[in-house]
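Beneath this line is the structure, given in structure tokens, with notes to follow.
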Amino acid sequence: MEKITAIRGFKDILPRDASVFREVESIARQVFTSFGFKEIRVPIIEKTELFKRSIGETTDIVEKEMYTFADRDNENITLRPEATASVIRAYIEHNMSAAEQITKLFTIGPMFRRERPQKGRFRQFNQIDVELFGDDKPQSDAEVIFMLMHFLISAGLNSLQLEINSLGCNSCRPLFSKAIVDFLKGSEKNLCPDCQRRIHTNPLRVFDCKVETCAATIAQAPVILDFLCDNCKDHFGQVKSFLNDLEMPFVINARMVRGLDYYTKTAFEVKTNALGAQNAVAGGGRYNGLVSFLGGPEVPGIGFAVGFERLVACLPEDENNNFKTDLFIAALGAKAQKIAFGLTNRLRVAGISAEMDYADKSLKAQMKRADKLNSSFALIFGDKEIEEKQVLLRNMQTKNQQTVPLDGLLESIIKIIKER
RNA sequence: GUGGGUGUAGCUCAGCUGGUCAGAGUGCCGGGUUGUGGCCCCGGAGGUCGAGGGUUCGAACCCCUUCACUCACCCCA
């Protein structure tokens with residue numbers, strides 16, 4: 001038989017990694033909760049229209065990376081490529097803006113993008129997504145960014161670089177776009193084919209291009225920060241000032257553009273050197289027009305996403321075995337096996353991780369298994385112990401062995417292990 | 001979608017210009033102790049050398065095709 005493998009870009013998270021994931025998740029929940037964010041869980045499939053409208057028709061994500069297919073009734077549905085759109089949809093659908101002025105939400109789960117996989121990039125990947133609705137004060141920007149950094153550091157990351165920028169708003173960004181287009185048109189011949197196309201579709205993206213001639217050309221180009229309107233300029237200034245108050249170091253990357261169209265004003269990215277080419281571990285920004293653009297009220301928002309796999313990839317490898325067993329029961333002979341089977345399962349019910357071997361192997365083999373399972377104790381008994389009505393309890397670290405009466409064995413063991 | 005690299009035991013890999021080339025380490029199982037783990041010693045199981053085709057007396061090795069993995073571009077978390 002030919003074996004069936006997971007599909008390209010989809011990864012199994014093996015037990016070792018799963019426990020790391022769980023740890024990071026629990027740190028995230030704890031940090032976000034302190035900052036007043038509440039968990040929301042949303043579907044991983046939405047109507048295609050939702051992503052087209054929110055992310056932008058001409059973005060790479062929508063143009064070529066979405067898993068979109070027709071449902072049985074021919075409605076187009078899409079595996080979510082990011083979470084913000086879904087969270088906003090839910091925010092609107094449940095009228096959350098009416099219930100409270102400020103709504104702080106986070107969600108954790110898988111996203112799907114049909115890209116060519118490489119280091120730090122998969123077709124199914126997990127994100128921790130945070131959104132804050134209902135406040136457009138620069139403090140919100142600083143709070144969210146500060147929380148993000150605090151979370152990443154708490155999770156164990158170091159040598160992170162926080163980059164921020166302002167992308168302007170509907171009144172000032174068009175002026176900048178026009179200036180860019182004018183500038184690029186003058187030096188069109190120096191640009192790569194992709195960028196020549198981008199001039200017409202999404203001029204800001206040219207800033208991201210790594211082709212040498214493009215980079216050289218764009219180096220002379222005007223930067224958005226010189227075009228910000230008074231409102232945006234003031235907002236950005238205050239964001240920086242509040243970050244300084246929080247002693248949060250950052251660098252300004254005036255050429256940072258994000259791959260999603262909906263961002264306004266503040267945009268930010270967190271980079272690390274531990275990831276190869278995919279060096280962004282988190283990214284986000286403000287999206288003041290998006291909620292209304294998706295059919296909701298005029299509510300400002302800001303949020304970010306953390307790449308779970310990328311975060312975990314930055315963590316130092318933990319070589320030691322974290323899986324532990326409280327007790328291994330080494331039973332010798334049919335009689336002992338029968339008692340051990342009941343004992344093992346009753347201990348489990350009592351919350352003690354217990355294992356035994358059903359194959360009636362030699363004591364040596366069973367002790368090996370106990371060692372392999374990282375067991376704290378081994379319970380040894382065979383015909384001799386049954387006859388003497390007491391069993392041997394061995395502490396695997398200290399090698400001390402004590403006898404425990406067969407009478408009331410279950411309770412005695414629970415007591416010993418829990419008191420340890 | 002485009003380019004480079006790599007596919008040999010569960011894992012990490014060696015295998016020179018085609019001629020004992022089916023190997024090592026590790027892991028697994030067993031034994032050394034008729035009832036005691038880690039260290040040590042000994043033994044064993046496990047691979048149609050990614051798949052298909054071709055060249056040749058002979059292919060893990062050369063050629064073609066294909067698939068997978070991987071890194072990078074694009075883009076993003």
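Just so it is clear, the model here is predicted, and its values are computed rather than measured.
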>> By the side-chain hydrogen bond (donor to acceptor under 3.5 Å, both in side chains) test, which pairs, at least two apart or in different chains, include something from residues 378-387 of chain A?
In response: none
>> If the threshold is 4.0 Å, N to carboxylate O, is there a salt bridge linking Glu115(A) and Arg8(A)?
In response: no
Identify the pairs formed between an N or O of the protein and an N or O of nucleotides 1-5 of chain B at a distance under 3.5 Å, and give each distance.
from: U2(B); atom 1: O4; to: Arg116(A); atom 2: NH1; distance (Å): 2.4

>> What is the separation between atom CD on Glu309(A) and atom C1' on A77(B), rounded to the nearest whole Å?
In response: 9 Å
> Atom CZ of Arg394(A) to atom P of G38(B): distance rounded to whole Å?
Replying inline: 10 Å
> Under the criterion salt bridge (Lys or Arg N to Asp or Glu O under 4.0 Å), which of Arg53(A), Arg89(A), Arg80(A) is the partner of Glu46(A)?
Replying inline: Arg89(A)
>> Using a strict heavy-atom distance below 4.0 Å, which residues from residues 376-393 of chain A are in contact with RNA chain B?
In response: Ile380(A), Lys384(A), Glu385(A), Leu392(A)
> Do Thr325(A) and Ser353(A) have side-chain atoms, one donor and one acceptor, less than 3.5 Å apart?
Replying inline: no
> Quick one: salt bridge (charged side-chain N to carboxylate O under 4.0 Å, His left out) partners of Lys104(A), sequence neighbours excluded?
Replying inline: Glu143(A)
> Residues in side-chain contact (heavy atoms from CB on, under 4.5 Å) with Arg29(A), at least two apart?
Replying inline: Glu25(A), Glu39(A), Arg41(A), Phe106(A), Ile108(A)
> Ile164(A) and Asp141(A): side chain to side chain contact (heavy atoms under 4.5 Å, CB included), yes or no, with the steps?
Replying inline: CA-CA 11 Å; Ile164(A) 63 171; Asp141(A) 305 49; over 6 Å; no
>> When the C1' atoms of G32(B) and C39(B) are compared, how many Å lie between them, rounded to an integer?
In response: 14 Å
In residues 358-365 of chain A, what donor-acceptor pairs under 3.5 Å come from side-chain atoms, sequence neighbours left out?
from: Asp360(A); atom 1: OD1; to: Gly333(A); atom 2: N; distance (Å): 3.2
from: Ser362(A); atom 1: OG; to: Ala365(A); atom 2: N; distance (Å): 3.1

> Once each nucleotide of nucleotides 40-45 of chain B is scored for protein heavy atoms under 4.0 Å, what B/S/- sequence comes out, 5' to 3'?
Replying inline: ------
> Looking for any heavy atom pair under 4.0 Å, which part of the strands does Phe308(A) touch: base, sugar-phosphate only, or nothing?
Replying inline: nothing
> For Gln337(A), does the CD atom sit with more than 12 other heavy atoms under 6.0 Å from it, leaving out its own atoms?
Replying inline: yes
> If a stem is a run of at least 3 consecutive Watson-Crick or G-U pairs, both distances under 3.5 Å, which stems include RNA chain B?
Replying inline: B:1-7 with B:67-73, B:10-13 with B:23-26, B:28-32 with B:40-44, B:50-54 with B:62-66
>> Could you tell me how far G18(B) sits from A9(B) if I compare only their C1' atoms? Round to whole Å.
In response: 24 Å
> Is Gly276(A) touching bases, backbone alone, or none of the nucleic acid, heavy atoms closer than 4.0 Å?
Replying inline: sugar-phosphate
>> Distance check, C1' atoms only: A14(B) and A60(B), in whole angstrom units.
In response: 12 Å
>> Tell me whether Asp407(A) at atom CG has more than 12 heavy atoms from other residues, nucleotides or ligands lying less than 6.0 Å away.
In response: no
>> side chain to side chain contact (heavy atoms under 4.5 Å, CB included) for Leu379(A) and Leu409(A)? Distances and angles first, verdict last.
In response: CA-CA 11 Å; Leu379(A) 191 71; Leu409(A) 182 59; 4.3 Å; yes
>> Walk me through whether Lys240(A) and Ile252(A) qualify under side chain to side chain contact (heavy atoms under 4.5 Å, CB included).
In response: CA-CA 9 Å; Lys240(A) 289 186 285 187; Ile252(A) 293 167; 3.6 Å; yes
> If the C1' atom of G10(B) is compared with that of U17(B), how far apart are they to the nearest Å?
Replying inline: 34 Å
>> Expressed as a whole number of angstroms, how long is the span from Lys271(A):NZ to A77(B):P?
In response: 12 Å
> Using atom C1' of each nucleotide, how far apart are U33(B) and U26(B) to the nearest Å?
Replying inline: 26 Å
>> Rounded to whole Å, please give me the gap between CZ in Arg80(A) and C1' in A77(B).
In response: 13 Å
> For Leu363(A) and G35(B), what is the distance between atoms CG and C1' respectively, to the nearest whole Å?
Replying inline: 5 Å
>> Expressed as a whole number of angstroms, how long is the span from Gln118(A):CD to A68(B):C1'?
In response: 17 Å
> So, do Ser54(A) and Ile88(A) sit near enough that their side-chain heavy atoms are less than 4.5 Å apart?
Replying inline: no
>> Using a 4.0 Å heavy-atom cut-off, does Ala280(A) contact any base of the nucleic acid, only the sugar-phosphate backbone, or nothing at all?
In response: sugar-phosphate
> Expressed as a whole number of Å, how far does the P atom of G52(B) sit from that of C16(B)?
Replying inline: 23 Å
> To the nearest Å, how far apart are Leu14(A) CG and G10(B) P?
Replying inline: 16 Å
> Quick one: which of A77(B), C73(B), G38(B) gets closest to the side chain of Ala277(A)?
Replying inline: C73(B)
> Is there any side-chain hydrogen bond (donor to acceptor under 3.5 Å, both in side chains) pair reaching into residues 147-165 of chain A, and which pairs are they, with sequence neighbours excluded?
Replying inline: Gln161(A)-Glu163(A), Glu163(A)-Asn253(A), Glu163(A)-Lys271(A)
>> Does anything in residues 111-148 of chain A form a ring pair (Phe, Tyr, Trp, His ring centres under 6.0 Å)? List the pairs, not counting sequence neighbours.
In response: Tyr91(A)-Phe133(A)
>> Using whole Å, what does the distance between atom C1' of nucleotide U70(B) and atom CZ of Arg8(A) come to?
In response: 10 Å
> For atom P, what is the distance between U8(B) and C49(B), given to the nearest Å?
Replying inline: 11 Å
> What nucleotide among C73(B), A77(B), G38(B) has an atom nearest to a side-chain atom of Phe125(A)?
Replying inline: A77(B)
Can you tabulate the close N/O pairs, meaning under 3.5 Å, that link protein atoms to atoms of nucleotides 26-30 of chain B?
from: C28(B); atom 1: OP1; to: Lys372(A); atom 2: NZ; distance (Å): 2.3

> Just one of Val130(A), Ile128(A), Thr84(A) clears the side-chain contact (heavy atoms from CB on, under 4.5 Å) bar with Phe304(A), so which one?
Replying inline: Val130(A)
> Is Gln401(A) side chain donor-acceptor paired with the U36(B) base, going by distance under 3.5 Å alone?
Replying inline: yes
>> If I pick the P atom on A51(B) and the same atom on G7(B), what distance separates them, to the nearest angstrom?
In response: 13 Å
> What pairs with Asp182(A) under side chain to side chain donor-acceptor pair (under 3.5 Å), at least two apart in sequence or on another chain?
Replying inline: Lys178(A)
> Going by atom types alone, do Asn76(A) and Thr48(A) pair a side-chain donor with an acceptor below 3.5 Å?
Replying inline: no
